[in-house]
Protein chains: 2
Amino acid sequence: MADKITSRSQDYSQWYIDLVRSAKLADYSDVRGCMVIRPNGYAIWEKMQAALDAMFKDTGHVNAYFPLFIPESYIAREAEHIEGFAPECAVVTHGGGEELAEKLYVRPTSETIIWASYKKWIQSYRDLPILINQWANVVRWEMRTRLFLRTTEFLWQEGHTAHATKEEASEEVLRMISIYKKFAEEYMALPVIMGRKTDSEKFAGADETFCIEAMMQDGKALQAGTSHHLGQNFAKAFDCQFQTSAGELDFVWATSWGVSTRLIGALIMAHSDDRGLVLPPKLASRQVVVIPILRGDKTAVLEQADAIVCTLKKHGIPAFVDSSEQNSPGWKFAEYELQGIPLRIELGPRDIAGKKCVVARRDTLEKTELPLDDTFSMQVSEILNNIQQNLYDRALSFRNEKTIEVNSYEEFKTAVENGFVIAHWDGTDETESRIKEETKATIRVLPEEQEYLDRYKMMEPGICIYSGKPSARKVVFAKAY
Amino acid sequence: MADKITSRSQDYSQWYIDLVRSAKLADYSDVRGCMVIRPNGYAIWEKMQAALDAMFKDTGHVNAYFPLFIPESYIAREAEHIEGFAPECAVVTHGGGEELAEKLYVRPTSETIIWASYKKWIQSYRDLPILINQWANVVRWEMRTRLFLRTTEFLWQEGHTAHATKEEASEEVLRMISIYKKFAEEYMALPVIMGRKTDSEKFAGADETFCIEAMMQDGKALQAGTSHHLGQNFAKAFDCQFQTSAGELDFVWATSWGVSTRLIGALIMAHSDDRGLVLPPKLASRQVVVIPILRGDKTAVLEQADAIVCTLKKHGIPAFVDSSEQNSPGWKFAEYELQGIPLRIELGPRDIAGKKCVVARRDTLEKTELPLDDTFSMQVSEILNNIQQNLYDRALSFRNEKTIEVNSYEEFKTAVENGFVIAHWDGTDETESRIKEETKATIRVLPEEQEYLDRYKMMEPGICIYSGKPSARKVVFAKAY
């Protein structure tokens, strides 16, 4: 089994790293800032990809693949974009044994290389919209890295769409951030706040950035997905004009949106505990482990264990049995708790005699008995649904408890150490950056969801907690990953 | 619709490029040697990935992800490996605005970076086997590129396994090349010859390389997959020893195996024709297009077209209708032939009156009538199976016709311009390289399949066609992509 995991209360950061390594989710490599995503971690990414990919395709998107390398001159075309990304790029200067005439940047994001193609593909409104997504690796040179959350190379998907009108692009931006919200909440069991970023926090090259923000167990925020309205910025940078249905020439409107392997980090930090990983069933490639207690009539126990796995699989529940005699049941309990298998079934000779088994939930650690009858698979399925829902409810209660509204900067400074803070802001960059400098807290999001707006009466005017100037609305502050 | 495609007889190379671009499968980018895989092309890759990934998982493999960048010192550890790969690498010299202390190579293949991790993960025979696959992009600097077939960056999967014994590794090597053969034949409808490579053609760092070789419509060979026995070479390079079950120390045995997006090129070159792409149904994300002939009672025709699509989908056949009035039926026929949709259904008012429709096969271009009754979906399904089988049979007949056995070098030189040549070879590197120099033909494979060996009596001894020296067996020569 694994090394001991530091407890969350003792050192949350160390707990996270211990967990990721003990559960064999990821490992540092000797390449600065780059991680190895191990099979246990990659299996989570595969489940995430499958769910997201289906949602993208259901909304008319198709996948494609663009080059890893971006010529320096492309990156330079959009002024804000190069300013934001060039300093954190890895640069290829040699290829095939020779120095290159033009440096190539390893993509930190693909707007520029993609718009170079879109310029060739788009002539008329008939060529629009283009709704393309790409699953890819990207590189952003990072000084301080943390497995999954911040690494020099990471995996992500990036959608890049082209539209005939600003309105269509706006609809797309909202459609995609809504898909991210749905994915976070329904699959990751992670409640998120959807809304806009302030100007200083938006994507380099975007007119507007929408995001979803989640709360981790230490009260910090994690940005779990973004969707950008790029206006006509990239079309102008790449001179991409089209003939409108009215016969005029106009620049194409653009969006881009993405989520990355940092979602795995979010998943871990939101739900897991001191025993290890806690996985929502919908993202668990193995939902149920059966552990035979090998005493007395071993054959009968093993046969029943196999029969259970077979029945569950027939009902679409991915289950497996660990019948190795090398390790004790107790060792196995701990190991699969560490690995986050949502449900454990314990099965011994007495259970077989009583036509029942013991099921232990990973989320609450509760054990109950379940009869081994015709209703068995249905009951297991219900418990799994229940775990999925419970993880969401628990995270939502936690977020609500850890969200505090304040009316003064003194209150703010204390509150922001513990969770999200709702406060009035005067809307200026200056106030925002002063607060960030003094407290390390940032404006995470200007929420757009009615329920959230109502709950905290966010659209009521008031007084900025920092400057004392009039404020049109409240915003959400937090320290963030 | 697309630009005119050059005919195969006129210029096979130009036909290929025309087809790839007209069918919007891929496009050159402005980045030297890098391609854009467009949605139509990427959809084929997704179907390939799904089929292969399921086969890998069925044989106990799991996916993981290792860093894109490989430190120069890693590549250098295996002598043959660095000699083979370093000259064709892209090299990152700067990151985060600073010059790097050690250069990073963009992975041309991942043996070295992966074995650096395996060294950490493997202590005992209990940690073995490791059966990991990775889906990734790789970069090999290419001077002359061709879409899909040879590009600086390409997508692939690379399996990297670690074993306790040489025998287990040998079994794995053969297991995986057999999976590739099965995939090529059952999904791509592409007959392949499975066997070993000569020493000069094997992977840089391998003890033995197995391959599958396919014939294209111009008689040239295309290597469609390789599986390498790496012996203990990489374990030694990375000092990866383990405790055997007998309590001794030994180096770990390794294999690696891969297929890439060049398979899309193989698929095109094997089956397609002067009208465009011909896709085997199993790799077509859209198998059936319904084209309504909008005359007379348009509503009735459109309703019936939708009903057909609905029925087919219910039976698991991906179908769609193109009801746009912007383009004529004739235009649509040509367009979906270009795109390689396996089956076209034409439906007009007279068909509805007669409760029938016309189906046109993409492979043979034959048209037949099909009654719109309860047997409809089953009949469509049968035709699709038939297309799949016909493509395979056609390609196999073609290969057999274009495979010639020769007994002299004069015969050889003529024959090798037209297809595969079976000939005696004295087994020396010298003869092999002389023939290559003089004719550009290489030894593609030393077949291992009994049926193929029997057919050409390959294991009978004879006289080398080049040197006149004794030869222990015949081999397969061809010019290759």
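The structure displayed is predicted, hence computed values, not measured ones. The sequence lines fix the lettering, A, B, ..., with proteins before strands; numbering per chain opens at 1.
- Neither the backbone nor the side chain of B:N40 comes within contact range of chain A; no heavy atom of the residue lies under 4.5 Å from a heavy atom of that chain.
- With chain B as partner, the option from A:E153, A:Q326, A:E98, A:E102 having the largest number of non-hydrogen pairs under 4.5 angstrom is A:E153.
- Rounding to the nearest 0.5 Å places NZ of A:K103 at 8.0 Å from OG1 of B:T93.
- More than 12 heavy atoms of other residues, nucleotides or ligands shown are found within 6.0 angstrom of CD on B:Q49.
- Contact count against chain A (heavy-atom pairs under 4.5 Å) is highest for B:P87 among B:A116, B:P71, B:P87.
- Among the candidates B:S285, B:A43, B:C89, B:G41, the residue making the largest number of heavy-atom pairs closer than 4.5 Å to chain A is B:C89.
- Only the backbone of A:M35 comes within contact range of chain B, judged by heavy atoms closer than 4.5 Å.
- Only the backbone of B:Y28 comes within contact range of chain A, judged by heavy atoms closer than 4.5 Å.
- The neighbour count for A:K24 NZ, taken as heavy atoms of other residues, nucleotides or ligands under 6.0 Å away, does not exceed 12.
- Here the CZ-CD1 distance, from A:R38 to B:I132, works out to 7.5 Å after rounding to the nearest 0.5 Å.
- Residue B:I114 does not touch chain A at all, counting heavy-atom pairs closer than 4.5 Å.
- Per-residue heavy-atom pair counts under 4.5 Å with chain A were compared for B:D27, B:V106, B:L155, and the maximum is reached by B:L155.
- Using a 4.5 Å cut-off between heavy atoms, B:Y74 contacts chain A through its side chain alone, with no backbone atom that close.
- The parts of B:P39 that come within reach of chain A are both its backbone and its side chain, each placing non-hydrogen atoms under 4.5 angstrom from that chain.
- In this structure the side chain of A:V91 never reaches within 4.5 angstrom of the side chain of B:V92, judged on heavy atoms.
- For chain B, the nearby parts of A:D30 are the backbone and the side chain; heavy atoms of each come within less than 4.5 Å.
- Atom CD of A:E83 is surrounded by 12 or fewer heavy atoms from other residues, nucleotides or ligands within 6.0 Å.
- Atom OH of A:Y105 sits about 10.0 Å away from atom NE2 of B:H94, to the nearest 0.5 Å.
- Using a 4.5 Å cut-off between heavy atoms, B:E46 touches chain A through its side chain atoms alone.
- Chain A is approached within less than 4.5 Å, heavy atom to heavy atom, by B:S117, B:K120, B:W121, B:R126 from residues 117-131 of chain B, ordered by number.
- We find the OH-CG distance between A:Y42 and B:N133 to be 9.0 Å, quoted to the nearest 0.5 Å.
- When heavy atoms are compared at a cutoff of 4.5 Å, A:E142 does not approach chain B at all.
- Ranked by heavy-atom pairs under 4.5 Å with chain B, the list A:A90, A:A26, A:G95, A:S29 is led by A:G95.
- Using a 4.5 Å heavy-atom cut-off against chain A, the contacting residues of residues 57-70 of chain B are B:K57, B:V62, B:N63, B:A64, B:Y65, B:F66, B:P67, B:L68, B:F69.
- B:Q134 does not touch chain A: none of its heavy atoms, backbone or side chain, sits under 4.5 Å away.
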